[in-house]
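Beneath this line is the structure, given in structure tokens, with notes to follow.
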Amino acid sequence: MVVGLDIGTSNVRVVIGETDVDGRFRIIGTASEKSSGMRNGNIVNIEAASNVIRKAIENAEQNGGVDVHSVITDIGGEQIEGLNTTGKVAISKKGRGSREVDADDVRRVKESAFAIKIPDDREILCDVCQEFTVDDNRGVKDPINQIGYKLEGSFHIISASRTTLQNIKSSVGRAGYFVDTILPKTLACSYSVVTKDERDLGSIIIDLGAGTTDILVILNDSPVFTDSVPVGGNMITQDIYIEKGISLADAETLKIQSGSCWMENINPDETVIVNGLGGRPPQEFPRSELCEIITARMEEILMIVRDKIMEGSTITRLAGNIILTGGGANLDGIVELVQDVFGTSAVRVGFPEKMGGIEEDYAGPEWDAAVGLVIYGRGRENSRATKRTKKAKVVSSEKTGNLENIKKIIKKFF
């Protein structure tokens, strides 16, 4: 059983996956609760956050008919940072002067790449190998047994604030559960929405959250750039609230039900009606005015995202897609606006992989991270099972060999 816990600024979502008797991995339980104790992707009130986490997991337990003990969760926002680093070592001589790359060479090149100063207040969350180079042979994914004199390795390291990580562990722990692993939110999304071709050709994941907008660029099946913008859908709600003088709750409802960020989708004669503030009568105004408010802020966010990618990465061309995830990906006209800002038609909304259960319960892009966490956990379980099988075969082979030797000795002397 694998449990994914997505702790977002606006919602906490839980997905439970399990392998059935036929060996198929299926989602058996989901739950979503409004967040509390969160601000811009950060836990600011551990007690409030833990209560929501407990409620969400308990609801998912009831839906799935299982007991949860540990979870795989995520982290996003400005508290995470991505860094590209490289290491270089001489390939050590083996028997008879051979210079075949082995696991020790790979370990040494990784140590060389990681010989960088990480601030004491930060912790490495995950590291991903981008590629190896054996002499002049670039783009090698697995250098083991290749022959050469020099081995280089390129890695993408994602670190996070120790305080933020501890707050997540404390909140989950206080809810009565154990944190197994913490992944960057955009990396979790990538497991559920990015295809193999998109990963190889180069794609951008933009997670449009309530408190933050997170970015991940993938090329040659590896992350190459990670960043975040501390603005999200909540800022759009604030803009509507201020511009129209209505309550925050009504502004949020108006954004979700009638909002758009592409004027061509709006009927110029269409109007919206909202409750007046402080006992004032309801007010009616053109839907196009709402679109103008939303478009202005969303365009600003996307332009910051675009500039960050251009300034912070060495990517010159991506042949894959821009993939939109998170609750903001449900906004009408968002694909068209992203196409306009980035100057490309290669934009799509990422919908999570369907894996049984009540698929409507986790069908939207707001579920991408939670489903991705479960897919990551399933892959890790499969990897561990494969290793156990291989180890068992080796032990069995050794036992068989020892038994044959004993038989030979007995036959010789008796």
Side-chain angles (χ1 to χ4, degrees), residues 1-8 11-35 52-76 126 172 175-199 205 207 218 221 323-327 329-330 348-390 392:
M1 182 177 67
V2 182
V3 183
L5 170 67
D6 174 28
I7 306 174
N11 289 86
V12 171
R13 296 184 174 88
V14 180
V15 171
I16 302 176
E18 189 176 59
T19 303
D20 62 21
V21 293
D22 297 322
R24 295 175 301 179
F25 191 85
R26 299 171 59 253
I27 289 177
I28 61 173
T30 63
S32 177
E33 294 291 332
K34 284 291 183 183
S35 294
V52 175
I53 290 169
R54 181 187 303 110
K55 185 176 180 181
I57 295 178
E58 287 177 348
N59 288 341
E61 285 177 320
Q62 292 176 4
N63 292 336
V66 294
D67 291 327
V68 172
H69 303 287
S70 65
V71 301
I72 300 173
T73 188
D74 56 15
I75 181 174
C126 65
V172 176
Y177 306 94
F178 173 75
V179 174
D180 180 273
T181 306
I182 302 178
L183 288 182
K185 189 182 291 283
T186 46
L187 188 62
C189 290
S190 74
Y191 292 121
S192 64
V193 300
V194 185
T195 67
K196 181 64 168 64
D197 287 340
E198 287 174 328
R199 299 178 72 92
I205 298 171
D207 182 42
I218 297 178
D221 200 25
I323 303 161
L324 308 177
T325 70
N330 288 312
R348 69 176 181 87
V349 174
F351 293 98
E353 179 182 339
K354 294 181 179 180
M355 295 186 292
I358 305 176
E359 295 177 348
E360 294 81 6
D361 287 352
Y362 61 93
E366 66 273 19
W367 287 92
D368 289 342
V371 173
L373 291 169
V374 168
I375 293 174
Y376 165 82
R378 176 190 63 179
R380 193 177 59 176
E381 281 192 349
N382 290 343
S383 177
R384 288 173 176 173
T386 300
K387 289 180 179 179
R388 286 195 296 267
T389 301
K390 288 181 178 179

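Quick caveat, the model's predicted, so the values are computed rather than measured.
For the residue pair E58 and Y177, the shortest heavy atom distance occurs at CG-OH, 3.8 Å. When every heavy atom of I182 is checked against every heavy atom of V179, the shortest pair comes out as CG1-CG1, 3.6 Å. The two residues A31 and A56 have their closest heavy-atom pair at CB-O, 3.2 Å. In terms of heavy atoms, V14 sits closest to A60 at CG1-CB, 3.7 Å. The nearest pair of heavy atoms linking R199 to V194 is CG-CG1, 3.3 Å. Taking every heavy atom of both residues into account, V68 and E61 meet most closely at N-OE2, 2.7 Å.
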Exercise for review: Begin from the C-alpha positions of V52 and K55 and carry the test side chain to side chain contact (heavy atoms under 4.5 Å, CB included) through to its verdict.
Suggested key: CA-CA 5 Å; V52 175; K55 185 176 180 181; 5.7 Å; no
Practice item. Test side chain to side chain contact (heavy atoms under 4.5 Å, CB included) on L324 and R348 and set out the steps. Key: CA-CA 6 Å; L324 308 177; R348 69 176 181 87; over 6 Å; no
Review point. Going through the distances and angles, do I7 and I53 end up as a side chain to side chain contact (heavy atoms under 4.5 Å, CB included)?
Key: CA-CA 8 Å; I7 306 174; I53 290 169; 3.8 Å; yes
Exercise for review: Could you walk me through whether M1 and I16 pass side chain to side chain contact (heavy atoms under 4.5 Å, CB included), step by step?
Suggested key: CA-CA 7 Å; M1 182 177 67; I16 302 176; 3.7 Å; yes
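Inter-residue side-chain proximity for V374 and F25 is flagged as met; some heavy-atom pair is nearer than 4.5 Å. The side-chain heavy atoms of V2 and R380, taken from C-beta on, include no pair separated by under 4.5 Å. Side-chain contact check for I205 versus I218: some heavy-atom pair is nearer than 4.5 Å. In this structure, E33 and N11 have side chains that are not in contact, with every pair of non-hydrogen atoms separated by 4.5 Å or more.
No side-chain donor-acceptor contact under 3.5 Å links D180 to the backbone of I72. The closest donor-acceptor contact from the side chain of D20 to the backbone of D22 lies under 3.5 Å. Not one N or O on the side chain of S70 forms a donor-acceptor pair closer than 3.5 Å with the backbone of F178.
Going from atom CG of D221 over to atom CG of D197 covers 10.5 Å, rounded to the nearest 0.5 Å. The structure places CG of L183 at 9.0 Å from OG of S190, a figure rounded to the nearest 0.5 Å. Here I28 contributes atom CD1 and T19 contributes atom OG1; the two are 10.0 Å apart, rounded to the nearest 0.5 Å. Residue D74 holds its CG atom at 11.0 Å from CZ of R13, rounded to the nearest 0.5 Å. A distance of 7.5 Å separates NZ of K185 from OG1 of T73, quoted to the nearest 0.5 Å. Considering CG of D67 and CD of Q62, their distance stands at 10.5 Å, rounded to 0.5 Å.
For the side chain to side chain donor-acceptor pair (under 3.5 Å) condition, the pairs that include at least one residue of residues 349-369, sequence neighbours left out, are N330-E366.
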